[in-house]
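Structure below; questions to follow.
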Amino acid sequence: MTVPTKPTPRTPEPRAAEALPSLPALHEPVISWFEDHARDLPWRRPEAGPWGVMVSEFMLQQTPVSRVLPVYEQWLARWPRPADLAKEPSGEAVRAWGRLGYPRRALRLHGAATAITERHGGDVPAEHAQLLALPGIGEYTAAAVASFAYGQRHAVLDTNVRRVIARAVAGTQYPPNATTAAERKLARALLPDEESTAARWAAASMELGALLCTARGERCDRCPIASLCAWRLAGKPEHQGPPRRAQTYAGTDRQVRGKLLAVLREATAPVPQTVLNRVWDEPVQRARALDGLVSDGLVEPLAGGLYRLPHS
DNA sequence: TAACCGTGGAA
DNA sequence: TTTCCAAGGTT
């Protein structure tokens, strides 16, 4: 038998810049397609302003556009400026959030509005670092607000853009489960040099992922860059890596929390524990879920076994 | 890093 | 019916 005397030589690092398709070949068709096919969404209209953009980004975190639209309209009509929301108890934000899901986002949006009112004179800050410092705003949302609302040049890496880049450039069906440094580097390399072009590219590549380059049932026949898409040219190989995280829901604390909060959202007066008890039979899990909501600041306990949405 | 955090529609 | 997934953030 033979013993390997040397480790197999490593594949050379892909030379990012030279391995990429010509950038204008990518940017121009996508931006041109966007100009013809972009949806007329309320947060894209000039009157939305930075606050409208920011509210939409909070609501769109893990939530489809169709479900955000009505809540967004009501929200902006009621709280047209950050200071209007900051004046309200946080529980009103949770109530108005309705059934969008992940209600901690409502709490954080209220907290962000408060911070904007106190620290930024009531105006949504334009700097990425200042946005990132606000509650509920991470790398993606900071870049999105800076790009969409202020026209700045940032890599706006959401699930849509990640999928478009994975397919068109990296040649894989899906991006990795968690955003990697390599993805960020590639996205930055793909960014047009000119600021306003970069901002349009961000919106256009995201829309491409939302409308055509979708997770399932992609419409390559209408895609403006189908002819240079690495994944399509490779014959659309199926996803190789570990299975994409399958989320369970039935029977979890999340489901119980959702049921408890639904009761409190609908109530106009404090709710007795006995009423909350009806939403879930198993007492240990029910208590754990309620405690979690209280410690998260989504529910306020009162004396006498009463509960309500927070008045702070 | 991985688990946790809601909800509903489409396939 | 079940599974997938949707403009993520926080711990």
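Throughout, a chain's letter reflects where its sequence line sits, starting with A, and its residues are numbered from 1.
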Length of the line joining A:Y174:OH and C:dA6:P, which is rounded to integer Å: 8 Å
C:dG8 phosphate, OP1 or OP2, under 4.0 Å from A:Q62 side-chain N/O: yes
Side-chain donor/acceptor of A:T63 to base of B:dG6, under 3.5 Å: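 Checked by distance alone, the answer is yes.
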Considering all heavy atoms, the nearest A:F148-A:Y140 contact: CE1-OH, 4.3 Å
Sugar-phosphate, base or nothing in reach of A:D296, heavy atoms under 4.0 Å: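 A:D296: no heavy atom of the nucleic acid under 4.0 Å.
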Between C:dA7 (C1') and A:L100 (CG): distance, integer Å: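 Checked: the CG to C1' distance equals 13 Å.
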Sugar-phosphate, base or nothing in reach of A:W43, heavy atoms under 4.0 Å: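 Since a base atom lies under 4.0 Å of A:W43, the category is base.
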Atom pair distance, as rounded to whole Å: CZ in A:R163 and P in C:dA7: 7 Å
Sugar-phosphate only, base, or nothing, as touched by A:I137 at under 4.0 Å among non-hydrogen atoms: sugar-phosphate
Sugar-phosphate only, base, or nothing, as touched by A:G101 at under 4.0 Å among non-hydrogen atoms: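 Answer is base: heavy atoms of A:G101 come under 4.0 Å of a base.
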Atom pair distance, as rounded to whole Å: CG in A:L298 and P in B:dC4: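 That distance rounds to 18 Å.
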Nucleotide nearest A:Y140 (side chain, heavy atoms from C-beta), chosen from C:dG8, B:dG9, B:dT7: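 Among the listed nucleotides, the one closest to the side chain of A:Y140 is C:dG8.
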Base B:dG6 to side chain A:R254, donor-acceptor N/O within 3.5 Å cut-off: yes
Minimum-distance nucleotide to A:R105 side chain [options: B:dC5, B:dG6, B:dT7]: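 That would be B:dG6.
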Touch class at under 4.0 angstrom, heavy-atom based, for A:R162 against every strand present: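 No contact.
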OP1 or OP2 of B:dT7 under 4.0 Å from side-chain N/O of A:Y249: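 A:Y249 to B:dT7 OP1/OP2: side-chain N or O found under 4.0 Å.
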Sugar-phosphate only, base, or nothing, as touched by A:T141 at under 4.0 Å among non-hydrogen atoms: sugar-phosphate
Reference residue A:E218; test side-chain hydrogen bond (donor to acceptor under 3.5 Å, both in side chains); the match among A:R163, A:Q173, A:K236, A:R232: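 Exactly one candidate clears the test, A:K236.
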Touch class at under 4.0 angstrom, heavy-atom based, for A:L157 against every strand present: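 It contacts nothing in the nucleic acid.
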Touch class at under 4.0 angstrom, heavy-atom based, for A:Q255 against every strand present: nothing
A:P135 backbone acceptor or donor facing A:R108 side chain under 3.5 Å: no
Salt bridge A:R184-A:E139, side-chain N to carboxylate O under 4.0 Å: no
Residue pair A:Q240 / A:T172, side-chain donor-acceptor N/O under 3.5 Å: no
Along DNA chain B (nearest heavy atom to each residue), the more 5'-positioned of A:Q61 and A:S66: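 So the residue in question is A:Q61.
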Among B:dA10, C:dA7, C:dG9, the one nearest A:R216 by side-chain distance: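 Within the option list, the nearest is B:dA10.
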Sugar-phosphate, base or nothing in reach of A:R288, heavy atoms under 4.0 Å: nothing
Sugar-phosphate only, base, or nothing, as touched by A:A215 at under 4.0 Å among non-hydrogen atoms: sugar-phosphate
Shortest side-chain distance from A:R99, nucleotide among B:dT7, C:dA7, B:dC5: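 Comparing B:dT7, C:dA7, B:dC5 against the side chain of A:R99, the answer is B:dT7.
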Check against ring-ring contact (aromatic ring centres under 6.0 Å, His included), A:W51 and A:W79: CA-CA 10 Å; A:W51 172 238; A:W79 300 307; 8.8 Å; no
